[in-house]
Structure formats: structure tokens, C-alpha cells
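Reading through the C-alpha cells given below for one structure.
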Amino acid sequence: MAQAAAVAKPPAPPRRRRASATPRRLPYLLIAPAALLMLGFIAYPVISVFYYSLQNYNPTKPWRNGYAGFDNFVHAFTEDPQFWQTLTFSAKWVVVEVGLQLLFGLALALIVNQTFVGRGLGRALVFSPWAVSGVLTSAIWVLLYNSQTGITRYLADLGIGSYGTSWLSDTSTVFPAAVVADLWRGVPFFAILILADLQSVSKDLYEAAEVDGASRLKQFWHITLPHLKDAIVLSTLLRMVWEFNNVDLLYTLTGGGPAGETTTLPLYIANTSVDAHNFGYASALTTVAFAILLFCSIVYLRLSKFGGETK
């Protein structure tokens with residue numbers, strides 16, 4: 001009998017090919033040029049500011065240029081009263097503007113969140129000022145505050161005030177006038193963010209609260225506000241930083257006047273660098289402003305417990 005047929009050996013399993021690392025790295029390689037450009041555009045100015053803050057650098061007085069150490073910072077904190085004046089006004093400006101913008105923005109968001117005829121048009125009108133640039137906003141309000149053709153002229157025709165009155169040149173009225181102008185553009189920012197978060201609140205919560213006999217005020221306090229916490233914290237933080245760095249509106253409206261009454265720290269930095277050409281001292285003031293914003297932002301986020309669960 002012929003030799004028993006040998007048992008056929010099973011085919012060898014195919015060798016596993018090592019997965020190429022190129023496809024996994026491809027997305028990073030594609031975004032690398034843009035990331036490097038962004039890093040360069042951001043890192044270089046920041047490093048330059050820190051470098052020049054330790055220098056005496058004034059192109060109009062090259063014989064005084066050189067390493068200054070911490071002299072610029074010492075001068076700012078101990079010998080420059082305008083630094084403290086502008087820092088105090090910046091804090092006042094931020095607190096008043098952000099507080100009022102949040103209050104009116106929350107009220108507007110609650111209103112346009114209701115169902116009524118023409119709601120789409122109402123939302124568009126409420127949000128439209130946010131689409132206007134800061135310089136154009138300043139130009140609009142400069143015309144409105146014009147003593148010959150603006151609001152004061154029409155009020156004088158009604159017997160309120162006198163002709164030729166300029167709210168932007170009077171130290172007693174310039175701050176409220178500037179606040180109103182910035183409110184017109186800043187309130188829609190809060191309204192947009194808060195309204196977007198309001199859309200995600202479940203109506204079942206309000207229906208359950210009504211069944212339990214909760215009033216509108218209690219529903220707002222215990223349902224709406226806790227749900228809006230993160231949106232409010234984030235929007236106020238962003239707006240605080242933007243208002244602190246506000247230059248275009250105040251520069252166009254008042255130029256920091258009258259008598260320096262509306263000069264913020266960033267506007268003082270701009271005048272020190274552009275007008276006085278003292279880039280070393282301006283860089284030191286910029287570094288101080290950066291440290292203040294960073295510290296306040298960290299403290300604010302910690303105290304507000306941003307991202308945490310609301311009890």
C-alpha cells in the first residue's frame with residue numbers, strides 16, 4: 001500500500017506588515033508650517049517685549065540706549081504717577097463696562113429668547129452693533145456727541161442744557177459718554193453668548209418647576225443662572241481682557257483726555273511708544289500689564305470654579 005498521504009501543512013499565516021508611521025504623522029506634518037508661522041508671529045513679539053523691557057531703547061536718543069535691568073519697572077512703580085493713574089482708570093473702566101454689559105446683555109438674551117412676532121428681526125437688530133468695527137463705532141459716536149450737530153444740539157432745542165456743550169471735553173461727563181458708546185457695541189457680545197446657552201436649557205426643567213409652584217424669579221435663580229454659569233464666566237473673562245486693552249474707541253473719542261481723564265494703561269503705553277519713542281519703558285509697562293491680566297485671569301477662574309459642577 002502506498003505510503004499514507006502526508007497531512008497537508010496549513011499555510012503559513014501572512015506576515016504582519018508594520019504599520020507605516022507616515023499616515024499617522026501626516027496630519028501633523030501638514031499643519032506644521034502653519035503652526036511654525038503662528039509660533040513665530042506670536043513668540044517673537046512676546047520675547048522682544050520682555051527683552052526690551054530690560055533695556056533703555058529710544059531710537060531718537062541712541063546714546064542712552066543700553067541694558068537697564070529692572071530700572072524701567074522701578075521707575076513705573078515708584079516714580080511715575082501717571083502709571084498708577086492710568087492703572088486705576090483701567091480698573092474702573094473694566095469693572096463698570098463689564099458689569100453693565102453683562103447686566104444688559106443678560107436682559108436682552110432673556111427677552112429675545114422668548115417667542116414673539118418678529119423675533120428674527122429683533123435678534124438681528126440686537127446683534128448688529130457687534131458686527132461694527134471699533135473705529136467705525138467711535139466715528140458714529142463722535143458724530144452723535146458733536147456739539148453742533150449731535151445729541152446736545154437737539155437737547156438744547158428742547159431746553160435741556162445749552163448750545164455748544166461737548167460731553168467729550170467736560171471732565172464730569174466724558175466718562176459716562178464713553179461708557180455709553182462702548183455699551184452700544186459690547187452688550188450684543190454678552191447677548192449672543194448667553195442666548196446660545198439659553199437654547200440648550202431643557203424646557204422640562206421649567207415645566208417641573210411650575211408644577212412645584214416655583215415663581216419666575218425662583219426659576220431664573222435656581223435653573224437659568226446655574227445653567228448659564230460657565231457662559232457668563234467665560235464671556236466676562238474675555239470681555240475683561242478686551243476692555244482692559246481697549247484703545248481704539250477711547251483714542252478716537254477722547255484721545256485719553258480731557259486732562260488725561262480717560263487714559264487707560266494700554267493707551268498710555270501706546271502714547272509712550274509711538275509719540276515719545278520710549279520703547280524700552282513702554283515694553284516694561286506692557287510686561288506689567290501682561291502680568292496683571294494673567295494674575296487676575298487665574299484668580300477669577302479659580303474663584304468662579306469655571307468648568308466645575310454647579311450645585
Side-chain angles (χ1 to χ4, degrees), residues 42-99 134-135 138 167-179 181-182 237-300:
I42 295 175
Y44 176 75
V46 171
I47 294 174
S48 297
V49 167
F50 289 147
Y51 170 77
Y52 285 114
S53 67
L54 302 175
Q55 306 289 324
N56 286 322
Y57 182 64
N58 189 331
T60 63
K61 300 176 182 179
W63 58 88
R64 295 184 179 179
N65 294 344
Y67 180 72
F70 293 98
D71 290 348
N72 289 325
F73 297 96
V74 173
H75 176 73
F77 285 102
T78 62
E79 302 174 8
D80 187 3
Q82 194 169 359
F83 165 74
W84 292 106
Q85 178 183 346
T86 57
L87 183 59
T88 302
F89 177 76
S90 296
K92 176 184 175 182
W93 174 263
V94 169
V95 171
V96 173
E97 275 294 340
V98 175
V135 175
S138 304
W167 291 345
L168 296 178
S169 60
D170 189 343
T171 55
S172 62
T173 58
V174 63
F175 181 73
V179 166
D182 199 45
L237 178 60
L238 292 175
R239 202 62 190 159
M240 284 167 56
V241 174
W242 294 341
E243 289 297 343
F244 184 88
N245 292 321
N246 191 325
V247 172
D248 53 354
L249 184 136
L250 288 174
Y251 182 80
T252 308
L253 279 180
T254 66
E261 287 290 326
T262 58
T263 302
T264 59
L265 181 57
L267 185 54
Y268 178 45
I269 293 173
N271 293 334
T272 302
S273 58
V274 177
D275 297 337
H277 304 289
N278 193 350
F279 293 100
Y281 187 55
S283 298
L285 294 178
T286 304
T287 304
V288 173
F290 170 78
I292 292 173
L293 286 177
L294 181 62
F295 174 77
C296 292
S297 299
I298 294 174
V299 171
Y300 180 68

Exercise. Does Phe50 CZ have over 12 foreign heavy atoms under 6.0 Å away?
Worked result: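 Yes - once you tally the heavy atoms of other residues, nucleotides and ligands closer than 6.0 Å, there are more than 12.
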For this session: Kindly check if the number of other-residue, nucleotide or ligand heavy atoms within 6.0 Å of OH (Tyr300) is above 12?
Result: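 Correct, the count exceeds 12.
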Donor-acceptor check, side chain of [X] to backbone of [Y], threshold 3.5 angstrom: yes or no?
{"X": "Asn72", "Y": "Ser53", "answer": "yes"}
{"X": "Trp93", "Y": "Phe244", "answer": "no"}
{"X": "Asp182", "Y": "Ala178", "answer": "no"}

Could you pull out the closest heavy-atom pair between [X] and [Y], with the gap in Å?
{"X": "Val174", "Y": "Glu261", "value": "CG1-CB, 4.5 Å"}
{"X": "Ala289", "Y": "Ile269", "value": "CB-CD1, 4.5 Å"}
{"X": "Ile42", "Y": "Val46", "value": "O-CG2, 3.2 Å"}
{"X": "Trp167", "Y": "Thr173", "value": "O-OG1, 2.9 Å"}
{"X": "Leu267", "Y": "Gly256", "value": "CD2-CA, 3.6 Å"}
{"X": "Ala270", "Y": "Ser273", "value": "O-OG, 3.1 Å"}

Does any non-hydrogen side-chain atom of [Y] lie less than 4.5 Å from one of [X]?
{"X": "Leu168", "Y": "Leu253", "result": "yes"}
{"X": "Leu87", "Y": "Val288", "result": "no"}
{"X": "Pro62", "Y": "Asn65", "result": "yes"}
{"X": "Val96", "Y": "Phe175", "result": "yes"}

List the residues meeting side-chain contact (heavy atoms from CB on, under 4.5 Å) with [X], not counting sequence neighbours, and say none if there are none.
{"X": "Asp80", "value": "His75, Gln82, Phe83, Tyr268, Tyr281"}
{"X": "His277", "value": "Asn58, Pro59, Thr60, Phe279"}
{"X": "Val95", "value": "none"}

Distance (rounded to the nearest 0.5 Å) between [X] [atom1] and [Y] [atom2]:
{"X": "Ser283", "Y": "Gln55", "atom1": "OG", "atom2": "CD", "value": "9.5 Å"}
{"X": "Leu285", "Y": "Leu265", "atom1": "CG", "atom2": "CG", "value": "6.0 Å"}
{"X": "Tyr57", "Y": "Ser48", "atom1": "OH", "atom2": "OG", "value": "10.5 Å"}
{"X": "Leu294", "Y": "Ile292", "atom1": "CG", "atom2": "CD1", "value": "11.0 Å"}
{"X": "Gln85", "Y": "Thr264", "atom1": "CD", "atom2": "OG1", "value": "11.5 Å"}
{"X": "Trp63", "Y": "Asn56", "atom1": "CH2", "atom2": "CG", "value": "13.0 Å"}

